[in-house]
Amino acid sequence: MRTSWADLAANSAAENSGPAFSANNAGTGSTVAPSRPVYVPPHLRNRQPSAEAPVPAPAPAYSGPSSGSVGSSAAGNSGSRWPAPRNDHRSGYGGGGGRPGGWGNRSGGWDRGREVNPFEEEDNAEEAFNEQENTGINFDAYEDIPVETSGENVPPPVNTFAEIDLGDALNQNIRRCKYVKPTPVQRHAIPISLGGRDLMACAQTGSGKTAAFCFPIISGIMRGQPVQRPPRGVRTVYPLALVLSPTRELSMQIHEEARKFSFQTGVKVVVAYGGAPINQQLRDLERGVDILVATPGRLVDLLERARVSLQMIRYLALDEADRMLDMGFEPQIRKIVEQMDMPPPGVRQTMLFSATFPKEIQRLASDFLSNYIFLAVGRVGSSTDLIVQRVEYVQESDKRSHLMDLLHAQRANGVQGKQALTLVFVETKKGADSLEHWLCLNGFPATTIHGDRSQQERELALRSFKSGNTPILVATDVAARGLDIPHVAHVVNFDLPNDIDDYVHRIGRTGRAGKKGLATAFFNDNNSSLARALADLMQEANQEVPAWLSRYAARSYGGGRNRRSGGRFGSRDFRREGSFNRGSSDYYSAGNSSGGYGGSGGYAGGYGPGVTSAWD
DNA sequence: AAAAAAC
């Protein structure tokens, strides 16, 4: 918990990066030739220095985008056997030879065994909660989950990590994370990704999506053939995988997770996001990067400075993908993915993950994908039987006192009079500040996170909340998606969002990893456009729908952006909607209004009304 | 209309 990225960076700054990738000789004018950025594949990095590692096979080096063949596609599928633990000099898959050094092997390569152990921080943080039922994932909650896949030749799911052959080092880390067996989304998504296929995956909040895209990426990089990244100036780095997320804190979190998964695999993970000094991030990049986790703005900056090139990208993952492709983000994402030097779909491997996936966003997203598999993993009806959802009718003017009542009751029921962690969502940044102020005045220790606060303040607020120091966090939607905050007992929608998908993500901050949670929403006339969708959602989640809400729902306009189509799944592959698009070859006609999509007609998959989302 | 995301 203690270790911020800055601390980590400070630690590692002391290290010597090995010769492998230390491309730059300080002076700009200094000769480039001897220290060309020769890429040393991860499986060679932990060797004894004598192993003469970084001599890549001559031929397959970088042969343009077409060499981007994804990890397992070529040889990987046939015998997914790890290369023998000795170094041979064959090229291609297995060519690197040598499996990644075991736990004890801390020599050679660039890090020389000084890799910070990412597991230690966690263990300490957990103790603060002395909670016995806390470790691991409650898998019982994930039994009987319906799964829908579509696309050609879908690889079958696996039941255990053991049968996936991710490699020793990664398996060790999986054990250290106490992941006993894969969650449903992992069972399906990992074989798909290892099979080299593009993927659009919808899975409930808190169900392990991060690992689902990290494992195949790490494994693929480890087993991938050595490539030489083209020198384009010594200061440019060439990550092999790019993971984008919509908020800085989520990028930080993904980075922390990915660091655990890649511990002692030789795979290097770097994070870059705005609001923090860029210099440390640049230094981190110079020390080598295989997986870059980033927010879009900072990444564009790095690309424009030519400090990062996407030319060698083999894996692209968009977390909260529907968010990344909505109006606010889409141009930036398009720029990054389509207008820089990233290999095109079909060459790179692309994975999109979210708990929600509106149809029109699916349509947009298909631009970034090639012959992809659609995967929806969800409990019947809803994301979250684990979350008890309550809706209360509260006038604007009564919201504060109502919240106070909830907090008082909660404190009374709490263990040792301690306030359980409560996450309060509001609509605006100003509203967040003023509610925080009011709560503090009234004796409730609260803090706030929103986009008008400095990055330092944001991170401090989150830490303080996580630790229980400040058990009430008032947040805008910056905290709605992806953040994994253990022990959040209660999510309060003080102001309801306008979009039901945002509601799904917000309440998903509780009830994670199979644990139970509570979500309370304050509803009034201002939220009438959400009534129908909210009532439907709650009904599908087997929640008690107040009669007044049902009446509201019946009264309000049925359609609107928030209307989901029914069915077992929150979402379906948009390619399967409509009458004439069953085949896999013609789904691009989807954009054509004559094809049954996109018209103003009443199809569930249409543009305007009938927008559907996946959740859970 | 608001939120997020670079300097």
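Atom set for the values below is all heavy atoms of this structure, side chains included, hydrogens, waters and symmetry mates excluded. To find a chain, count down the sequence lines: A is the first, B the second, and so on, and within it residues start at 1.
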Distance, rounded to the nearest Å, where A:Asp319 contributes CG and B:dA4 contributes C1': 15 Å

Sugar-phosphate, base or nothing in reach of A:Gly451, heavy atoms under 4.0 Å: sugar-phosphate

Between B:dA3 (P) and A:Leu496 (CG): distance, integer Å: 16 Å

Sugar-phosphate only, base, or nothing, as touched by A:Asp301 at under 4.0 Å among non-hydrogen atoms: base

Geometric cation-pi criterion, A:Lys399 with A:Phe494: 6.0 Å, 45°: yes

Phosphate-side-chain proximity, A:Lys429 and B:dA4, N/O vs OP1/OP2 below 4.0 Å: yes

Side chain of A:Arg458 (C-beta onward), nearest among B:dA3, B:dA5, B:dA2: B:dA5

Euclidean distance, atom CD of residue A:Gln281 to atom P of B:dA5 [Å, nearest integer]: 13 Å

Gap between atoms CG and P, on A:Asp499 and B:dA4 respectively (whole Å): 16 Å

Non-hydrogen atoms of A:Val308 and A:Leu303 that approach each other most closely: O-CD2, 3.3 Å

Length of the CD1-C1' vector between A:Ile278 and B:dA6, whole Å: 8 Å

Residues which pass side chain to side chain donor-acceptor pair (under 3.5 Å) with A:Asp433, listed by chain and number, not counting sequence neighbours: A:His450

A:Lys335 NZ - B:dA5 P separation (whole Å): 18 Å

Closest listed nucleotide, where the reference is the side chain of A:Thr428 and the choices are B:dA5, B:dA4, B:dA2: B:dA2

A:Asp301/A:Arg305 salt bridge by N-O under 4.0 Å criterion: yes

Base B:dA1 to side chain A:Asn498, donor-acceptor N/O within 3.5 Å cut-off: yes

Touch class at under 4.0 angstrom, heavy-atom based, for A:Arg305 against every strand present: nothing

Short side-chain N/O contact from A:Thr295 to OP1 or OP2 of B:dA6, under 4.0 Å: yes

Rounded interatomic separation in angstrom, taking CZ from A:Phe329 and P from B:dA2: 18 Å

Phosphate OP1/OP2 of B:dA6: any A:Arg248 side-chain N/O under 4.0 Å: yes

Test side chain to side chain contact (heavy atoms under 4.5 Å, CB included) applied to A:Ala321 - qualifying residues, sequence neighbours left out: A:Leu318, A:Leu352, A:Phe357

Rounded distance in Å - NZ (A:Lys430) to P (B:dA2): 10 Å

Touch class at under 4.0 angstrom, heavy-atom based, for A:Val478 against every strand present: sugar-phosphate

Among B:dA6, B:dA2, B:dA4, the one nearest A:Glu427 by side-chain distance: B:dA2

